[in-house]
Amino acid sequence: MTNFVEELRWRGMLQDIMPGTEEKLNEGMTSGYIGFDPTADSLHVGHLTQIMTLIHFQRAGHKPYALVGGATGMVGDPSGKSDERNLQTEAMVEHNLAGMKKQLSKFLKFEDAGNGAVMVNNNDWFKDMNLFTFIRDVGKHITVNYMMAKDSVKRRLDGDSGLSFTEFCYQLIQGFDFYYLWKHHNCLIQMGGSDQWGNIVTGTELIRRKDAGTAFAITTQLIKKADGTKFGKTESGAVWLDPEKTSAYKFYQFWLNASDDDTKKWIRIFTLKTKEEIEALETEHDAAPHLRTLQKALAEDITVRTHSLEALETAIKTSEFLFGNGSLEFFNTLTETQVLEIFEGIPQFSISKEELSLGIDAATLLAEKSSVFPSKGEAKKLIQGGGVSVNKEKLKDAAEIISADHLLNNQFIIVQKGKKNYFLLIVK
């Protein structure tokens, strides 16, 4: 066994820890859990800190439980929220649970024996519990004064939107989750983000008051970007683990484009590299920052673990195609969906296939049939200066005829103006 708490500590992940927790863990294999609310049918990079916590927990020799909130997902946790979440139907929650289970299985070893991970659904113990049973067996043990003192409750009561009774009860519901897992699965530790500290402590208090038991708590730091913007968000929204929502290429680019300051923190949190390996990479990176050694190591590691080695190779080849000397042969292996994902946010123009089959001179194609240039004069000027490429080949003459022979995947033409300005012509 290794020291799990020390692992979190040197990686910069540890935030709060209840007294006696580290000592308990060092006694031998211990069961602990983290809860995930099924608010969508995919996890996103914001969940990765907790996924990594469970991975380290299992690697340290402990038994991880991943609780998916089939019941609580229909209520919503007020922690860290300024407004109440939209309630979900049972069918929506079930759909989301299926997607989450599939993703968690990529990161954790789910086995019956030893410290194999276990997935549980709190709907299994809440579905048959009625209100009177809950307020008798749970509510009587925790006072309203205790609940009102929680920061997550105070913030909402002081805010404009207030706090519904439904959300006010959430800490009791999560507290009972901990009690149930402690009672029936010997889960002695609950882990989570630092915004969950109040809910987790409510669970330990319920265990103490209801059964005179002892339980423990650990929270990890909430990840923030060095520039103050929210971690895991891009201009197009959240970065999902599901490739149908965020392609492996965009996922890879998210990590590759991280700042040096962020990467030095994230490579400790989101990879399994040792301290020595990371320090060696940092030395190499600092000697030649423009090579982005740290970013590449981080992006490659997390992309393989989240998707696959094959997905990483495609992401790297896509990057090389767009920003380096990638081949057209690679582009022709991509599906229409993959091409449109790569060029999302890049100017796109539709061209008639019938017109193109007759041939169109480059200047007319780029200035009249599309808006790559505002005028044929500007198109001719830049083409003559060697600043325009079609399908990675520099145009030599504005009168050069572009025809159906130039189509990639029988549908696309890629125009490059300068080194970084791309345009996609979609021929229909």
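When side chains are defined from C-beta on, Ile302 does not count as touching Thr271, because their heavy atoms never get closer than 4.5 Å. Side-chain atoms of Phe178 and Ile207, non-hydrogen and from C-beta on, do get closer than 4.5 Å to each other. Between Phe330 and Glu320, every side-chain heavy-atom pair lies at or beyond the 4.5 Å cut-off. By the 4.5 Å heavy-atom criterion applied to side chains, Glu341 and Tyr249 are not counted as neighbours. Considering only heavy atoms from C-beta on, Val388 stays 4.5 Å or farther from Val372 through its side chain. Side-chain contact between Ile34 and Phe57 is absent, with no heavy-atom pair separated by less than 4.5 Å. In this structure the side chain of Thr220 never reaches within 4.5 angstrom of the side chain of Leu14, judged on heavy atoms. Under the 4.5 Å side-chain criterion, counting only non-hydrogen atoms from C-beta, Tyr33 is in contact with Asp177.
For Leu365 against Ser370, the heavy-atom pair with the smallest separation is O-OG, 2.7 Å. When all heavy atoms of Asn409 and Leu334 are compared, the pair lying nearest together is ND2-O, 2.7 Å. Among all heavy-atom pairs drawn from Val118 and Lys63, the shortest one is CG2-CE, 3.8 Å. In terms of heavy-atom proximity, Leu43 sits nearest to Gln103 at N-OE1, 2.7 Å. What you find for Asp41 and Asn96 is that their closest heavy atoms are N-OD1, 3.1 Å. Summarising the geometry of Phe110 relative to Ala117, their closest heavy-atom pair is CD2-O, 3.3 Å, with the distance given to 0.1 Å.
Salt-bridge annotation for Glu300 and Lys296: absent, with no side-chain N of the basic residue lying under 4.0 Å from a carboxylate O of the acidic one. Residues Lys317 and Glu329 are not paired through a salt bridge, judged by the lack of any N-O separation under 4.0 Å between the basic side chain and the carboxylate.
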Apply the test side-chain contact (heavy atoms from CB on, under 4.5 Å) to residues Trp125 and Lys183: give CA-CA distance (whole Å), side-chain angles for both, the deciding distance (0.1 Å), then the verdict.
-> CA-CA 12 Å; Trp125 51 86; Lys183 183 87 170 177; over 6 Å; no
Any chance you could lay out the side-chain hydrogen bond (donor to acceptor under 3.5 Å, both in side chains) test for Tyr179 and Asp211, step after step, and finish with the verdict?
-> CA-CA 9 Å; Tyr179 172 81; Asp211 278 16; 3.0 Å; yes
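Counting heavy atoms of neighbouring residues, nucleotides and ligands inside a 6.0 Å radius, atom NZ of Lys265 does not exceed 12 of them. For Lys106, the NZ atom sits in a packed shell: over 12 heavy atoms of surrounding residues, nucleotides or ligands are nearer than 6.0 Å. Atom CE of Met148 has 12 or fewer neighbouring heavy atoms from other residues, nucleotides or ligands inside a 6.0 Å radius. Crowding of Glu23 atom CD: a count of heavy atoms from other residues, nucleotides or ligands under 6.0 Å exceeding 12. Applying the 6.0 Å contact sphere to NZ of Lys24 captures no more than 12 heavy atoms from other residues, nucleotides or ligands.
Here Asp16 contributes atom CG and Thr219 contributes atom OG1; the two are 3.5 Å apart, rounded to the nearest 0.5 Å. For the atom pair CD (Gln411) and CD1 (Ile426), the distance works out to 7.0 Å, reported to the nearest 0.5 Å. Leu48 contributes atom CG, which lies 6.5 Å from atom CZ of Phe231 (distance to the nearest 0.5 angstrom). The distance from the CE atom of Met191 to the CD atom of Gln196 is 13.0 Å, given to the nearest 0.5 Å. Taking CZ of Arg11 as the start and NZ of Lys273 as the end, the distance is 10.5 Å to the nearest 0.5 Å.
Inspection of the Ser259 and Asp261 side chains reveals no N or O donor paired with an N or O acceptor under 3.5 Å.
Figure legend: cation-pi geometry between Lys417 and Phe373, with NZ or CZ positioned under 6.0 Å from the six-membered ring centre and within 45° of its axis.
For an aromatic pair to be called close, the ring centres must be under 6.0 Å apart, and Phe270 with Phe254 fails this.
The aromatic rings of His44 and His47 are tilted relative to each other, their planes meeting at an angle between 30° and 60°.
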